Number of protein chains: 2
Amino acid sequence: MSAVPERCLDCLVRDTALCSAMEDQELVALSAIGRRKIYPGGQVVTWSGDPNSFCANIVTGVLKVTASTPDGREQIVGLLHPGDFVGEPFAEEAPLTITAVSDTDLCLFPRESFQRTMDEHPRMEKLLLRRTMASLTQAQQRLLALGRRNAGEKIAGFLIDLCDRMAPDAEGPVEIDLPISRGEMADYLGLTIETVSRQLTGLRRDGVVSFEKGNRHFRVLDRARLEHLADPE
Amino acid sequence: MSAVPERCLDCLVRDTALCSAMEDQELVALSAIGRRKIYPGGQVVTWSGDPNSFCANIVTGVLKVTASTPDGREQIVGLLHPGDFVGEPFAEEAPLTITAVSDTDLCLFPRESFQRTMDEHPRMEKLLLRRTMASLTQAQQRLLALGRRNAGEKIAGFLIDLCDRMAPDAEGPVEIDLPISRGEMADYLGLTIETVSRQLTGLRRDGVVSFEKGNRHFRVLDRARLEHLADPE
DNA sequence: CGTGAGCTTGAATAGCTTCAAAGCCGGTGG
DNA sequence: CCACCGGCTTTGAAGCTATTCAAGCTCACG
């Protein structure tokens, strides 16, 4: 009988990824089929249309999930962070392209083995169901943003969401590092890079945010105003 | 010991709704907590923000699921048909507004009882997971449409999807009844009612579709062209 | 110090929306 | 059976927002 490997017991996401639904001794089953792999930033993890061989947990790093039109227009449909689950355990063909935004450490599972393991561990399956439901609700909120909000509202909403994720309970001015480039913000919000840039300089000019140490690092000076811009009534 | 009621055994969606994952004898558990209710077209089933008390299966009819901004802009994030599951079993508060588009017959379950029943019937839970994953993939494809496609592509794609749903394996000209109004198409595609109207007359003028017997009934004359308009390369 | 990728800024344009009015169609009542 | 009403839809003209195209800028890195 095999033991739970060290890489699981002291894993950074032991208590936030799907494995959090498992007792230590159950981890044997998952760890037996999982292996770690690091993808450098910019590298593609899965191409849309390829055979769908893997699922994964993110240990460190950020992934973007993208859909595109045949003529090359791109839409980022999701950004995934440490602890998040990656993939579609039931599709034969990968529906979307997945790319590492920064260097990313994944705990990979062959899709079919993962399905079997899930069958034997209902608590993990239940947790995956809850998370998938939550992802769906989030995607639905984003449908509203893409379909009905204008550029300013999209940008403000994006920054608010970032704050909530990075510093859920901060009071004063919040400092944030953007995980993605201007071009990726554009692909996330259904805008062009130029529109993103103009909206951000607008916010800076109005004193709502300030940028520092390069244009990836910024500070929210007036959160109330930002919230009002994101959701005007 | 109670028996499975007639309304379940000869239910129209016995083999397509979540119940299809259950043996006849298991249905006792579900039928014990479910009750049928008919909502007339136009009536709201759940308001976003209300306590999330119910889930349901659709027996007949069509529902729309909408999200809106505080100032009243609306986005249809999903259309649901007979056999589809409705609701979010894990949220305390309903995240979205659900409205009957046509007269709709629902098989309603109190949310908490439904959760318990699901715990005891893993096959049903598994089916719900599969369907939720599929809904997520569909929502992600719609994010691409809303974020990156123009009005003509949105309309063409919508009509193609309708054809695939209504007549998956038809060859010649397909006849379709639109389940929704122009205004609802606009809210589904992130457009205005006027733009939807203009695009549709454009398609008619170009001989791609024809409208008959009122503007809810149409015929696809040139599917190849419609597909090309939906996904140009 | 030079180079290049990523970002910003400006001007012109296109596409969708807004505002306004007229048309169509189904249902109701005379 | 026909006239009228009201909601939905179509059409037109004007306006505005975001895109496109084109420079120039910044900054990290060799």
Side-chain angles (χ1 to χ4, degrees), chain A residues 40-42 64 69 71-76 99 101-102 145-159 177-206 209-218 229 232, chain B residues 40-42 64 69 71-75 101-102 145-159 177-206 209-218 229 232:
Chain A
K64 64 177 175 184
T69 59
D71 63 349
R73 284 167 285 170
E74 192 160 298
Q75 175 68 46
I76 297 181
T99 310
V101 170
S102 54
L146 291 185
R148 290 306 189 194
R149 292 196 200 278
N150 61 29
E153 293 165 351
K154 287 175 176 178
I155 294 281
F158 176 76
L159 296 181
D177 269 307
L178 287 174
I180 55 178
S181 68
R182 296 291 186 273
E184 285 165 332
M185 284 181 67
D187 286 344
Y188 188 80
L189 298 171
L191 299 170
T192 59
I193 197 172
E194 294 94 333
T195 300
V196 170
S197 181
R198 280 187 253 269
Q199 291 294 333
L200 287 174
T201 64
L203 289 177
R204 188 182 42 187
R205 198 181 40 234
D206 299 350
V209 303
S210 65
F211 284 82
E212 307 159 27
K213 305 182 220 160
N215 37 30
R216 285 283 188 108
H217 190 85
F218 73 100
L229 291 170
Chain B
K64 65 177 175 185
T69 59
D71 64 350
R73 283 167 285 170
E74 194 160 296
Q75 176 67 46
V101 170
S102 54
L146 291 184
R148 291 304 188 197
R149 292 197 201 277
N150 62 30
E153 294 165 348
K154 287 176 178 179
I155 294 281
F158 175 76
L159 295 182
D177 269 308
L178 288 173
I180 55 177
S181 68
R182 297 290 185 274
E184 285 164 332
M185 285 182 66
D187 286 343
Y188 188 81
L189 298 171
L191 299 170
T192 59
I193 197 171
E194 294 94 333
T195 300
V196 169
S197 180
R198 279 186 254 267
Q199 292 293 332
L200 287 175
T201 64
L203 289 177
R204 188 183 41 186
R205 197 181 40 234
D206 298 350
V209 303
S210 66
F211 285 83
E212 308 160 24
K213 305 182 221 160
N215 38 30
R216 285 284 189 108
H217 190 85
F218 73 101
L229 290 170

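Because the structure is a prediction, the values reported are computed rather than measured. All values below come from the heavy atoms of this structure, side chains included, with hydrogens, waters and symmetry mates left out. A note on names: the letters A, B, ... follow the listed sequences, proteins ahead of strands, and every chain is numbered from 1.
- Atom-to-atom distance recorded for Arg149(A):CZ and Lys154(A):NZ is 10.5 Å, nearest 0.5 angstrom.
- Computed from coordinates, the Asn150(B) CG to dT20(D) C1' distance equals 15 Å when rounded to whole Å.
- Heavy atoms only, all atoms of each residue included: Ile155(A) and Gln199(A) are closest at CG1-CB, 3.7 Å.
- Both Arg149(A) and Arg204(B) lie near DNA chain D, and the one whose nearest nucleotide falls closer to the 5' end is Arg204(B).
- dA18(D) atom P lies 8 Å from atom NZ of Lys154(A), rounded to whole Å.
- The main-chain N or O of Arg148(A) is found under 3.5 Å from a side-chain atom of Arg73(B) such that the two form a donor-acceptor pair.
- Note that CG of Leu178(B) is 7.0 Å distant from CZ of Arg216(B), once rounded to the nearest 0.5 Å.
- Distance, Met185(A) CE to dG6(C) P: 16 Å, rounded to whole Å.
- Across the protein-nucleic acid pair, Leu146(B) atom CG and dA18(D) atom C1' stand 16 Å apart, rounded to whole Å.
- Between Phe211(A) atom CZ and dT8(C) atom C1' the separation is 12 Å, expressed in whole Å.
- As a whole-Å value, the separation of Asn215(A) CG from dT26(D) P is 12 Å.
- The only member of Ile180(A), Val101(A), Asp187(A) that meets side chain to side chain contact (heavy atoms under 4.5 Å, CB included) when paired with Lys64(A) is Val101(A).
- Between Arg182(A) and Arg148(A), it is Arg182(A) whose nearest contact on DNA chain C lies nearer the 5' terminus.
- Only Gly190(B), Leu191(B), Thr192(B), Glu194(B), Thr195(B), Arg198(B), listed by number, bring a heavy atom of residues 190-200 of chain B to less than 4.0 angstrom from any atom of DNA chain C.
- The shortest non-hydrogen separation linking Leu189(A) to Gln75(A) is N-NE2, 4.4 Å.
- The shortest non-hydrogen separation linking Pro232(A) to Glu153(A) is CG-OE2, 3.2 Å.
- Taking atom CG on Leu178(B) and atom C1' on dC8(D), their separation rounds to 14 Å, with Å as the unit.
- Rounded to an integer number of Å, the gap from CD of Glu153(B) to C1' of dC16(C) is 14 Å.
- When distances are taken from the side chain of Ser181(B) to each of dT11(D), dT9(D), dC16(C), the shortest belongs to dT9(D).
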